[in-house]
Amino acid sequence: MTHPRIARRSLLAGAAALGATPALGQAKPYAGQTLNGAAFQSTFFEYLRGYFPEFEERTGARVNFNTQAFPVYNQRTDLELSTRGSALDVVNVTFIYSGRWIGAGWLTNLSDFVADRNRTPADWDAADFVSGAQSAMTNAQGQTFGFAWEAGAMLLAASRADILDRANQPMPTTFDALLAACDAVQGRESMTAFVADRLHHWNWIPYLMGMGGQVFRDPPGNLTPMLGTPEAIRAAQWYADLLSKFAPSGGLSFSDDQAMRAQMSGRSMFRTQAITWLVPLAKHEESTVKSTVRYALMPAGPQGNYPGSNSHGLGIPAGSRRKELAWEFIQWALSKDMLNRIVRTHGYPSVCRRSVITGEAFKTALTLNGQDVASLYLQVLELGGRSGYMKYRTVPVFPQVGDTINRGIDRIATRQQGAEAAMRQTQQDAVQVLTRAGVRLDGG
Amino acid sequence: MTAASVRRHGVERARTRFFQLCLAPSLAVLAVITLAPAVFLLVSSLTPLDLTRPETVGDFSRPLENFRLMLADGRLGNSVWVQAKLSFWTVLLQLLIGFGLALLLNSRDRMIEALRTVFLIPMVLPPIVVAIIWKVIYTPDISPMHWGLSVLGVTIPSLITDPDWALTAIIIADTWQWFPFTMLMTLAALQMMPQELIDAAKVDGASAWQMTWHVTLPFLRGVLLVAGLFRLIDSIKAFPLIFILTDGGPGSLTEVTNYYSFQQAFNFSLLGYSSAITVVLLAASIALSWVIIRAIGWGHRD
């Protein structure tokens, strides 16, 4: 692999970020060591990779950082962590696996590192990370096992606001308004009004909560599923109707990328999804909707607004033999300086440090088609952090419950079952998988 | 016993020992790479092994619990039924198409030989490539099939998300990939068919249909049954097509048993439960193979 040439100024800036670290007061304290890292593919790591030579120059260590496709990374890392092996020193702490990995004791408690002034200078400022993004990285005792490098904040994007304007439809702010807008634009200029990817267990939950339902009774303490309630049945019917009436043919099998491309090419109008998948509508070179895209907060239901938010962090496996070096790497990669540089240079839209989000560089990067999307992003992250409604997603058994939700919504949207029968079966399936996983449920 | 026969027995024993010694390294390697995982599978099926709960490792307090849970698992039962339908239709279609094409391609003509090679392409493609090809064909917004039909004024639903078509879509793709296998085996057998049989039938005035039904088919019976057996066992291992095309959906309409077992182990970390499903699946495959081999009368001469 080739690294871009590092300008002297960049090198000095990187060194300044590292220079604050006491352990690096010595000359190349990690010379001869190799740091092994892994994460799923993301533009963030592509950008960061360009700066690795600075870290290597400063510490003397070599960085061997591999990225894989999201599901591949999760499966491999899940197995690697479960063996408590030492093959990896830095890993991505995936949101939906965070509860599982932290709960099983597979990650290192970073609170000890942060509290130790010999390891972490005060101006690294761990409290600067937005609480909503950090909530998935902590355990019930408030100990931290990762620091967020990416946050997903669910927003609403309309790819062709010009069509909306011509139909006299404002950006919808409620579920009812979303339906009305979909009705108004469906079929115009061969567009479908809505598009979603197939992960209903992410896309549907804000609609479930907006109608007063929830996934578990009181996560993480009480994981009794609540998927057969009248609210869940109503929300499932509503969302399945949205998909079956307004989504493209075959939309139920769409991946994230397919759904994004449907919007980018102007074939679909609305999508409610994490910002990472919506920013390319305004920035991607292949987007045909750069000048017509419009953003808004996720519409609210009768019981409130619960946009999905998630975050992925960097953590250290419990089995790593180079924890000190790994911590140096995390501090360097997620320092204010590095994140500001990545935002300034590449326009990266998903950082989790408040000081960076509220800075000019980020605001400029997230001013999309004239709209201040940065403030929408921060609002969603803070909403998730304040009330903790995203906790349901970080429990160790969420993957199997999420799978039952996916299949339940599929059954309704394809008319295999009515909403009531499908959700009662989903509830029954969820109880079964939770019992199998040894989870104690109410009435069990 | 004479001295000569004693010497002969001694030589026989030495030869047998020599053969055993020669075989020993291969058998040892085979034992490590096949028996050891099978033993691990069997042992872990007797525990509630869950990667996220360290206390479940080596917990043999309720060794039959996984098997009891399987009896009450409706989704598992559904996956067995889906598997049965998938296996039945794919094996049947692959035998019919493979046999039919082999009859048509059983010629020394150069063009036909070239065509034979073309027909073999699906079988030699990596399974994941086959799955991606069919993903493109089945995805309406990029599909040449959907585009072609729309030009003709015909609109069809997305086959992989339509509950009436999803399993059929998998069956079509699997048949496309594997009919060349049965075609190849049938073709090889056809080329070894004694000319006298054909000549005798012709002398008796047999029509083409009678020739196929009364001469060719009985001659190929053994080959077709073996090909069918191979395809049946392989159909139980169907994975890439389902993983890429449908993820077992919509709902659980295309979720076969090994895919369900994979999910339990690698998506949910329930290795114990997944092992129990796999043990039963393995036993069922062995039993099925045994029944079919008995039916064929493999190893017995008429």
Side-chain angles (χ1 to χ4, degrees), chain A residues 71 74-76 78-79 81-84 97 99-101 103-106 192 198 243-244 247-255 258 261-262 265 267-268 396-404 406-417 422 425-426 428-429 432-433 435-439, chain B residues 48-57 59 65-66 69-70 72-76 78 135 138-143 146 150 155-166 169 243-253 255 260 262-274 276:
Chain A
N74 289 330
Q75 278 176 12
R76 281 190 189 172
D78 200 49
L79 279 178
L81 291 177
S82 70
T83 65
R84 292 178 180 260
Y97 284 83
R100 180 198 297 266
W101 294 352
W106 295 346
T192 66
R198 66 186 173 202
L243 293 179
S244 56
S249 173
L252 281 178
S253 70
F254 273 15
S255 64
Q258 276 178 288
R261 284 181 185 277
S265 59
R267 283 179 284 128
S268 295
V397 289
F398 184 74
Q400 47 263 56
V401 175
D403 181 68
T404 66
N406 274 354
R407 293 180 195 283
I409 298 289
D410 256 7
R411 286 194 298 269
I412 306 167
T414 56
R415 308 271 186 264
Q416 290 177 59
Q417 279 181 311
Q425 188 182 328
T426 302
Q428 201 180 322
D429 290 347
Q432 203 169 45
V433 295
T435 309
R436 202 179 297 146
V439 176
Chain B
L49 181 57
D50 177 345
L51 292 179
T52 61
R53 291 187 296 150
E55 74 276 10
T56 57
V57 178
D59 175 3
E65 181 64 6
N66 286 326
L69 287 172
M70 281 168 63
D73 188 345
R75 207 166 133 188
L76 175 65
N78 173 70
K135 176 86 177 174
Y138 287 146
T139 303
D141 51 347
I142 52 172
S143 163
H146 281 263
S150 72
T155 308
I156 59 167
S158 163
L159 300 188
I160 48 176
T161 57
D162 187 297
D164 297 328
W165 279 96
F243 184 70
I244 298 284
L245 293 180
T246 61
D247 190 27
S252 300
L253 282 177
E255 189 174 67
Y260 182 62
F262 159 82
Q263 284 201 311
Q264 298 297 318
F266 297 104
N267 288 352
F268 312 154
S269 298
L270 299 173
L271 274 188
Y273 188 63
S274 171

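In what follows, chains carry the letters A, B, and so on, assigned in the order in which the sequence lines appear, proteins first and then strands, with residues in each chain numbered from 1.
Proximity to chain A (any heavy atom under 4.5 Å) is restricted, for B:Gln263, to the side chain, taken from C-beta onward. Residue contact with chain A, scored on non-hydrogen atoms closer than 4.5 Å, involves the side chain of B:Asp50 exclusively. Both the backbone and the side chain of B:Phe266 come within less than 4.5 Å of a heavy atom of chain A. Heavy atoms closer than 4.5 Å to chain A are found in both the backbone and the side chain of B:Pro250. Looking at B:Ser252, both its backbone and its side chain come within 4.5 Å of chain A, counting heavy atoms on both sides. With a 4.5 angstrom heavy-atom cutoff, A:Arg198 touches chain B only via side-chain atoms. A:Gln400 touches chain B through backbone and side chain together, each having a heavy atom under 4.5 Å away. Heavy atoms closer than 4.5 Å to chain B are found nowhere in A:Phe398, neither backbone nor side chain. For chain B, the nearby part of A:Trp106 is the side chain; its heavy atoms alone come within less than 4.5 Å. For chain A, no part of B:Thr56 is nearby; none of its heavy atoms comes within less than 4.5 Å.
The two atoms that bring B:Ala169 and B:Leu159 nearest to each other are CB-CB, 4.1 Å, heavy atoms only. Closest heavy-atom contact between A:Thr426 and A:Gly408: OG1-CA, 3.4 Å. The minimum heavy-atom distance between B:Lys135 and B:Thr139, with the atom names listed, is O-OG1, 2.6 Å.
Remark: A:Asp403 pairs with A:Arg407, B:Arg75 by the salt bridge (Lys or Arg N to Asp or Glu O under 4.0 Å) rule, at least two apart or across chains. Residues forming a salt bridge (Lys or Arg N to Asp or Glu O under 4.0 Å) with A:Arg436 (at least two apart in sequence, or on another chain): B:Asp73.
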Check against side chain to side chain contact (heavy atoms under 4.5 Å, CB included), A:Val397 and B:Phe268: CA-CA 7 Å; A:Val397 289; B:Phe268 312 154; over 6 Å; no
Mind running side chain to side chain contact (heavy atoms under 4.5 Å, CB included) on B:Ile156 and B:His146 for me, showing each step along the way? CA-CA 7 Å; B:Ile156 59 167; B:His146 281 263; 3.6 Å; yes
Please determine whether side chain to side chain contact (heavy atoms under 4.5 Å, CB included) holds for the pair B:Asp141 and A:Phe254, giving the CA-CA distance in whole Å, both sets of side-chain angles, and the decisive distance to 0.1 Å. CA-CA 11 Å; B:Asp141 51 347; A:Phe254 273 15; 3.8 Å; yes
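At a threshold of 4.5 Å between non-hydrogen side-chain atoms, the residues B:Pro48 and B:Asp59 count as touching.
Between chain B and the residues A:Ser249, A:Gly103, A:Ser82, A:Gly438, the most heavy-atom pairs under 4.5 angstrom are made by A:Ser249. For the set B:Pro140, B:Ser158, B:Gly251, the count of heavy-atom pairs under 4.5 angstrom toward chain A peaks at B:Gly251. The most heavy-atom pairs under 4.5 Å with chain B, out of A:Pro399, A:Ala104, A:Ala437, come from A:Ala437. With chain B as partner, the option from A:Arg411, A:Arg261, A:Arg415, A:Gln258 having the largest number of non-hydrogen pairs under 4.5 angstrom is A:Gln258.
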